[in-house]
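What follows is one structure encoded as structure tokens, with my remarks underneath.
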Amino acid sequence: MPSASFLHPSTSSDRAVINRRHALGLLTAASILPNRSFANVSYQRSEFRDDLSKRFFDLGTTGTFVAYKVDDYLIIASDKVRSGEGRLPASTFKIPHSLIALETGVVEDPDKDVFKWDGVTRNIEAWNKDHTLRSAIAASAVPIYQEIARRIGAERMQKYVDLFDYGNRDIGGGIDQFWLTGNLRIDPVQQIDFVDRLRRGVLPVSKRSQELTRDILTVTKVGDATIRAKSGLLGAEAGKPSLGWMVGWAEKGSSGTVFAMNMDCKEQSHIAARMTVTQQCLADIVAY
């Protein structure tokens, strides 16, 4: 089982590794081992907050919320089980997908390269138009990213999914389906690990690709805090939502909190509730 590493943003030498066999979902405290011999390594802490689970209960559903409070080296989770369960990433995969598109040159400019609508009318009106990468990620336009995936190809896609150590790294199930109906699985802890590396700009791709990907993520302002996030929803195109995601990070001043939330979407109201419950949980842990 791969390890998930979280670093303090101030320096890449302050490194601590969570042994995921002992992390969220299995033990009440993570087993932390420094993977480099630095005197100033700060050890990770983790805690479970049952009150966060009530946010999902109040919506009439079940879900999980996991956050990494960067300044405190603190991981907070709403539960011990679902927080460590891998699931299809759905459109949260558009974050690494965008990185790969930019790094391979399939997209040179996220604002100028245009992907033409294929003329197929779909249930989500925002998908029935031409898109740039920026507008496609904002509309979560699956058909555009499916075309991007086909242009990237399986060999290059696998190369970068491996480089990113993204989830179970299994892109089986079709080059334009693996994150929707295929074999790819990722749990909230792995989501946080990946997103935190993007936030800090330390993924094994160019700084430009990382900067552009951070820039095209949807921004939500909450008071004087900024949230950059990507949603995900299984069954969206068919009008049969089943699983919703929200992953990203919140910043207030110099403080940062990386988060991953997923929940069962049993009714239409749960789709909009993804961001609502995420913001509620962030407020509960005083992320802003």
Side-chain angles (χ1 to χ4, degrees), residues 6 24-25 46-72 74-96 137-140 186-196 198-199 213-214 216-236 241-253 255-288:
F6 300 84
L24 300 175
S46 65
E47 66 182 43
F48 294 95
R49 291 270 302 269
D50 290 338
D51 60 309
L52 297 173
S53 294
K54 186 176 183 297
R55 293 296 187 182
F56 301 101
F57 178 81
D58 289 346
L59 288 170
T61 189
T62 56
T64 187
F65 176 83
V66 184
Y68 171 51
K69 298 190 76 172
V70 177
D71 291 347
D72 300 330
L74 174 64
I75 300 168
I76 301 171
S78 63
D79 65 277
K80 300 178 184 180
V81 179
R82 183 162 174 149
S83 57
E85 292 178 347
R87 297 172 189 270
L88 279 160
S91 284
T92 64
F93 186 72
K94 287 186 174 70
I95 302 177
I137 198 168
S140 209
I186 190 165
D187 67 41
V189 177
Q190 292 169 322
Q191 288 270 30
I192 287 175
D193 175 45
F194 171 75
V195 170
D196 190 52
L198 171 63
R199 181 186 68 87
T213 300
R214 290 193 298 267
I216 64 175
L217 288 176
T218 300
V219 174
T220 302
K221 295 288 188 178
V222 181
D224 55 357
T226 299
I227 299 174
R228 292 186 184 274
K230 182 69 194 80
S231 62
L233 183 66
L234 292 181
S242 59
L243 175 73
W245 279 101
M246 191 67 69
V247 304
W249 66 94
E251 295 175 330
K252 181 179 180 180
S255 299
T257 301
V258 190
F259 61 84
M261 184 284 301
N262 71 51
M263 57 183 273
D264 296 337
C265 289
K266 301 177 179 180
E267 53 190 59
Q268 287 296 121
S269 64
H270 290 160
I271 297 175
R274 290 172 297 169
M275 179 55 92
T276 302
V277 74
T278 296
Q279 290 186 21
Q280 289 173 337
C281 289
L282 287 169
D284 288 343
I285 64 171
V286 196
Y288 47 69

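We number each residue from 1, following the sequence as shown. Computed from a predicted model, the values in this text were never measured in an experiment. Atoms considered below: every heavy atom in the structure, side chains included; atoms not considered: hydrogens, waters and symmetry mates.
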Distance, nearest 0.5 Å, that separates CG of Asp72 from OG of Ser255: 8.0 Å
Considering all heavy atoms, the nearest Arg274-Gly244 contact: CD-CA, 3.7 Å
Over all atoms of both residues, closest heavy-atom pair of Ala250 and Ile227: CB-CG1, 4.0 Å
CZ on Phe259 to CG on Leu282, rounded to 0.5 Å: 5.5 Å
Lys69 side chain to Ile285 backbone, donor-acceptor under 3.5 Å: yes
Validation row: Phe194, Val258 side chains within 4.5 angstrom (heavy atoms): no
Minimum heavy-atom distance between Ser83 and Val66, given as atom pair plus value: CB-CG2, 3.6 Å
Short side-chain donor-acceptor distance under 3.5 Å, Asp264 and Thr61: no
Where Gly60 and His270 come nearest, the two heavy atoms and their spacing: O-CE1, 4.2 Å
Residues Thr64 and Asp79: side-chain donor-acceptor under 3.5 angstrom: yes
side-chain contact (heavy atoms from CB on, under 4.5 Å), paired with Arg228, selected from Thr220, Val219, Val247: Val219
CZ on Phe56 to CZ on Phe65, rounded to 0.5 Å: 8.0 Å
Side-chain donor/acceptor of Gln279 to backbone N/O of Thr276, under 3.5 Å: no
Closest non-hydrogen atom pair between Thr257 and Ala67, with its separation: CG2-CB, 3.9 Å
Test item: Trp245 side-chain N/O and Leu88 main-chain N/O as donor-acceptor pair under 3.5 Å: yes
Salt bridge (charged side-chain N to carboxylate O under 4.0 Å, His left out) partners for Arg87, two or more places apart: Glu85
Any donor-acceptor N or O pair under 3.5 Å, side chains Ser140, Ser91: yes
Nearest-0.5 Å distance that lies between atom CD in Glu267 and atom CG in Leu59: 8.5 Å
Within 6.0 Å of NZ in Lys266, more than 12 heavy atoms from elsewhere: yes
Distance, nearest 0.5 Å, that separates CG of Asn262 from CD of Gln191: 8.5 Å
Lys/Arg-Asp/Glu bridge criterion (N-O < 4.0 Å) met for Arg55, Asp284: yes
Note: Asp196-Arg199 ion pair, threshold 4.0 Å (strictly below): yes
Gap between atom CD1 of Ile75 and atom CZ of Phe48 - 0.5 Å precision: 9.5 Å
Under the side-chain hydrogen bond (donor to acceptor under 3.5 Å, both in side chains) test, residues paired with Arg49 that sit two or more places apart: Asp51
Lys80 and Asp50 ion-paired at < 4.0 Å: no
Closest approach of Ala225 to Tyr288 (non-hydrogen atoms, all atoms of both residues): CB-CB, 3.5 Å
Partner residues of Thr226 under the side-chain hydrogen bond (donor to acceptor under 3.5 Å, both in side chains) criterion, sequence neighbours left out: Lys221
